[in-house]
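As structure tokens, the structure follows; a few thoughts come after it.
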Protein chains: 2
Amino acid sequence: MHTDEQHLTEQLGATGFRLTPQRQQVYDVLRHKRDHPTAEEVFIRAKHAMPEISMATVYNCLDALVKCGMARQVTVDRGATRYCPNMHEHGHCHCDACGTIFDVDIPHELAGLTLPTGFLARHFDVAVHGLCAACVAKKK
Amino acid sequence: MHTDEQHLTEQLGATGFRLTPQRQQVYDVLRHKRDHPTAEEVFIRAKHAMPEISMATVYNCLDALVKCGMARQVTVDRGATRYCPNMHEHGHCHCDACGTIFDVDIPHELAGLTLPTGFLARHFDVAVHGLCAACVAKKK
DNA sequence: TCTTACATTTAGAATTATTCTAAATCTTGA
DNA sequence: TCAAGATTTAGAATAATTCTAAATGTAAGA
């Protein structure tokens with residue numbers, strides 16, 4: 001049987017990292033509430049269960065999680081980087097009014113983009129900006 | 001006849017801005033070399049023709065150009081924001097090795113994304129990360 | 001077990017990109 | 001010409017992130 005903790009340990013290990021209580025905690029925070037928190041929000045949430053954790057450690061842990069493929073960085077606007085434990089290929093839909101971020105599937109047709117000759121694509125970042133239903137309603 | 005300068009004046013004016021020598025200069029920098037410069041790079045280039053221009057003014061001008069629809073902000077990575085005078089709907093292709101950014105057309109199929117119910121999309125940001133032909137060759 | 005090497009955490013300093021502030025200057029319209 | 005408001009400027013302030021150095025933890029080998 002493959003527990004979540006084992007998976008995390010393996011992924012970290014394969015990239016030369018160890019599983020530490022802090023990394024486990026930061027990962028739990030990401031998985032618990034998938035609202036694309038910033039490093040600071042992760043820090044605040046992680047402190048509830050682990051009051052001694054420091055901001056530098058949160059950055060270190062997030063960085064390790066990204067490098068080992070257990071989390072992704074999301075940059076929908078110029079503000080703080082956000083983090084997401086959904087590793088499935090997907091894009092982000094951002095409400096410019098309230099800031100909510102929704103995960104969206106991206107169609108395979110995207111692979112049909114005409115790229116510069118010889119360009120080797122490794123990752124697609126798709127961000128849709130606009131207004132969510134609630135904010136459209138508010139404007140009326 | 002509709003000169004470029006007239007167009008800039010009109011676009012600025014429609015948004016409540018004036019055409020100033022600095023704004024003209026910053027716009028000229030963007031149009032002259034379309035390599036998606038950062039604000040600092042724009043500043044350095046603008047200083048050649050206008051040595052007294054300040055960084056704050058460059059930010060102000062770039063902001064005015066973005067607001068009036070003559071330039072777009074491009075954020076391919078967590079570094080400094082980049083600017084682009086290509087207002088045609090397009091995405092960006094970023095070489096993670098050398099940092100070069102290429103404009104790419106984005107297919108209309110993108111409009112077929114399944115968005116959250118009621119979401120009103122206003123703008124699509126597409127960034128492709130990978131390696132350009134030159135950097136792929138270098139790795140061999 | 002003891003030791004050594006190295007990874008990790010921590011607090012705080014440093015850096016980077018950007019925004020803010022306040023004073024000086026410019027522009028436009030009355 | 002004058003007043004109101006826009007713009008520019010230098011530098012201070014802020015926000016997000018990275019760096020530094022010391023303390024601590026951990027794993028592997030003698």
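Residue numbering restarts at 1 for every chain, and letters A, B, ... go by the order of the sequence lines.
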So, does [X] get its side chain near the phosphate of [N], meaning an N or O under 4.0 Å from OP1 or OP2?
X: B:Asn60; N: D:dT8; value: yes
X: B:Arg23; N: D:dT8; value: yes
X: B:Gln22; N: D:dT9; value: yes
X: A:Ser54; N: C:dT9; value: no
X: B:Thr20; N: C:dC26; value: no
X: A:Tyr59; N: D:dT18; value: no
X: A:Thr81; N: D:dT17; value: yes

Checklist entry - What is the distance from atom OG1 of A:Thr81 to atom NE2 of A:His36, rounded to the nearest 0.5 Å? => result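 Between A:Thr81 OG1 and A:His36 NE2, I get 13.0 Å after rounding to 0.5 Å.
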To the nearest angstrom, how far is [X] atom [atom1] from [N] atom [atom2]?
X: A:Phe43; N: C:dA11; atom1: CZ; atom2: C1'; value: 11 Å
X: B:Met50; N: C:dC26; atom1: CE; atom2: P; value: 13 Å
X: B:Asp63; N: C:dA17; atom1: CG; atom2: P; value: 18 Å
X: A:Phe17; N: D:dT26; atom1: CZ; atom2: C1'; value: 16 Å
X: A:Glu40; N: D:dT18; atom1: CD; atom2: C1'; value: 16 Å
X: B:Asp77; N: C:dA17; atom1: CG; atom2: C1'; value: 12 Å
X: A:Ile53; N: C:dT8; atom1: CD1; atom2: C1'; value: 12 Å
X: A:Met55; N: D:dT20; atom1: CE; atom2: C1'; value: 17 Å

Item to check | Pairwise side-chain contact, B:Val42 with B:Val26, heavy-atom cut-off 4.5 Å (strictly under) | outcome: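 Yes, at least one pair of side-chain atoms sits under 4.5 Å.
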Next on the checklist: Do B:Arg72 and B:Asp125 make a side-chain contact, defined as non-hydrogen atoms from C-beta onward lying under 4.5 Å apart?
Outcome noted: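 Heavy-atom side-chain distance check passes, below 4.5 Å.
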Next on the checklist: Looking only at the side chain of B:Ala80 (C-beta and beyond, no hydrogens), which of the listed nucleotides D:dT17, C:dT10, C:dA17 gets closest?
Outcome noted: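 Closest nucleotide to the B:Ala80 side chain: C:dA17.
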Checklist entry - Between C:dT10, D:dT18, D:dA10, which nucleotide has the shortest distance from any of its atoms to the side chain of B:Arg78? => result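 Within the option list, the nearest is D:dT18.
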Checklist entry - 5'-most contact on DNA chain C: B:Arg18 or B:Gly79, nearest heavy atom basis? => result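 Here B:Gly79 is the residue nearer the 5' end.
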Checklist entry - Of A:Gln11, A:Met70, A:Gln73, which is the lone residue that meets side-chain contact (heavy atoms from CB on, under 4.5 Å) with A:Leu65? => result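 With A:Leu65 as partner, side-chain contact (heavy atoms from CB on, under 4.5 Å) holds for just one option, A:Met70.
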Checklist entry - Pick one: which of A:Gln25, A:Arg31, A:His32 meets side-chain contact (heavy atoms from CB on, under 4.5 Å) with A:Val29? => result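 The side-chain contact (heavy atoms from CB on, under 4.5 Å) with A:Val29 is passed solely by A:Gln25 among A:Gln25, A:Arg31, A:His32.
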